[in-house]
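Treat the numbers as computed from the prediction; the structure is a model and nothing was measured. Computed from heavy atoms alone, side chains included, the values below leave out hydrogens, waters and symmetry copies. Indexing begins at 1, ligand by ligand and atom by atom, following the structure's order.
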Amino acid sequence: MNFEIQKRALTRVIRDDLDALVIFWPRQDTEWDSAQDPVSSLVRAALRQGDFEHKAGAVLALYAHAGIKARHVVVASVADGTPAQVRSALQAAWAALKATKSKRIGLHAVSELSGASLQAAVLSLADASYCYTSTLSQAKPRTLKQVVVSSPSVNTESRTAVAQAQALVSGIEVAKEWANRPANHCTPTMLAEAAKSIAKGASFKCQVLGPKEVAKLGMGAFLAVAQGAAEPLRFIVMHYNGAASSEAPVVLVGKGITFDTGGISLKPAPEMDEMKYDMSGAASVLGVFKALSELKPALNVVGLIPATENMPDGLAVKPGDVVTSMSGQTIEILNTDAEGRLVLCDALTYAERFKPQAVIDIATLTGACVIALGGVRSGLFSDHDALAEALQQAGEAAGDGCWRMPLDDAYAEGLKSRFADVANVAGRQAGAVTAAKFLQRFAGKMAWAHLDIAGTAWRSGAAKGATGRPVGLLVHYLLSQVGKPSKGSAAARRRA
Ligand code: BES
Ligand code: MN
Ligand code: ZN
């Protein structure tokens, strides 16, 4: 899908060659009180009759209207024009347009919208029109090919916002594709191939380690999760180098459980299929690298993906088994379903070799986070205030929000073990926090943050599907770091 931005007045855009046109109508319409174009007069009449109102989500649909070239036109109120209002406007407009199979759609802002609002419009349209096709024999691919954003004035902000949106959509759709694929079409080996192909297209470095190399590194926790699976594990290491090699990188670590049965601590059958999404953190890392390949910012970024299935088996790890992590800490695996933290802890130890300015892990880590925050915001855990604030702000800017959660040491009480340095689970309470407390032990002196995306990475039910989150948050965060001198990891760390 292609996006462009053009300077256009309403009187001009109605003569453009488009299959469908969405007209974002603002609340301040005094300017249009006397405008004589066919749309303005209609909107005035509809407002008078009470058939249209200044409320995001209100739409007025026209068909083959005299004086308008696009066959399908939807006037959509954006009220005050905030990104959230523009998102609802776009969604309401799409409901009226999705059956039209339009190839070329115009999104016209009658009065200027902020860059953030234009980006929100483009991202929502991409999200709404996305179609999964990979494992369907008679797939109906998306018909929409071209999106023309227009506004009476166009400036650097709006141009940048649309250009960024183009890269974000590429990244988000990579993340959706891999997260949506069923586990037999998304094995650790296939994930590694996907990483390699993204890297190859952009001449990034990408290394893929297998079981032998991972054993040699001493990743006993990661190996313990993988030992019940017939599919071989992969440890994927991606490098994006956009800045001098003296600049400390940001390291992203994505949980890559390509299917989570729970292992010997087997999950119940209902909705277990959704555990194909347990590699959504990994998919978001692939998506970020895809976006980086288009944006080419002056930054260094390393992506780490520990990928394996979590299976029950004669050779699988058993509750009570004690393993030695790469950090040297021993772990009592009391529940084999708390496997995400086991693969992540070794990847965090591996991250130390890059002396990162920040390390961020992204994981569908706990059902408890879904209970705490639902599908609206991802859980954000960090003992580094500046990093936490930058991530929180990036989430707001991207419309991909997160919310900071606590990390008091008192939450780690339940992780004490009589048989190892630490247990992999605590009690039932505050499960999202105790999982983060476990990870924190392995972040050492690095500036670390953890995003629990268990509630935000996919939607369940009739609209089941990956959301591509938190690619938007992560890309906005990375772009916000361009030009900031990287501090050493030790200096950057501040324990709360
Ligand atoms: N992948 C799951 C977390 C999950 C569950 C995400 C449901 C989204 C929906 C994770 O590996 C897991 O099983 N976590 C356990 C931890 C528990 C055993 C401490 C959980 O949340 O139940
Ligand atoms: Mn699990
Ligand atoms: Zn899991």
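No side-chain N or O of His476 forms a donor-acceptor pair with one of Gln393 less than 3.5 Å apart. When only modelled atom types and interatomic distance are considered, Ser134 and Glu177 share a side-chain donor-acceptor pair under 3.5 Å.
At a heavy-atom distance under 4.0 Å, atoms from both the backbone and the side chain of Asp337 approach ligand 1. For Leu365, every heavy-atom contact with ligand 1 shorter than 4.0 Å involves the backbone, none the side chain. Residue-level proximity to ligand 1 for Arg341 is carried by the side chain, the only part with a heavy atom below 4.0 angstrom. Neither the backbone nor the side chain of Glu274 has a heavy atom within less than 4.0 Å of ligand 1. At a 4.0 Å heavy-atom cut-off, ligand 1 does not touch Phe259 at all.
Distances from atom 9 (C) of ligand 1 to the heavy atoms of Met272, Met275, Lys267 put Met275 nearest. Comparing heavy-atom distances from atom 2 (C) of ligand 1 across Asn335, Asp260, Val225 singles out Asp260 as nearest.
Shown are the protein N/O/S atoms under 2.8 Å from the Mn ion (ligand 2), given by residue and atom: Asp260 OD2, Asp337 O, Asp337 OD1, Glu339 OE1. Protein atoms that are N, O or S and lie under 2.8 Å from the Zn ion (ligand 3) are these: Lys255 NZ, Asp260 OD2, Asp278 OD2, Glu339 OE2.
For His450 and Phe438, the ring centers are positioned 6.0 Å apart or more.
The presence of a protein heavy atom under 4.0 Å from atom 14 (N) of ligand 1 is confirmed.
Looking only at heavy atoms of the protein, atom 6 (C) of ligand 1 is closest to Ala454 CB, 3.6 Å. When only non-hydrogen protein atoms are considered, atom 20 (C) of ligand 1 lies nearest to Gly367 N, 3.9 Å.
Checking each of Val343, Val225, Val317 against Asn310 for a side-chain contact (heavy atoms from CB on, under 4.5 Å) leaves exactly one that passes, namely Val225. Results of the side-chain contact (heavy atoms from CB on, under 4.5 Å) test with Gln164 over Leu123, Leu479, Val475, Val122 single out Leu479 as the only residue that passes.
Heavy atoms of other residues, nucleotides or ligands lying less than 6.0 angstrom from NZ of Lys145 number more than 12. For CD of Glu274, the number of neighbouring non-hydrogen atoms (other residues, nucleotides, ligands) closer than 6.0 Å is greater than 12.
Residue Phe438 places no heavy atom under 4.0 Å from ligand 1.
Looking at Ser117, its side chain does come within 3.5 Å of a backbone N or O of Gly81 through a donor-acceptor pair.
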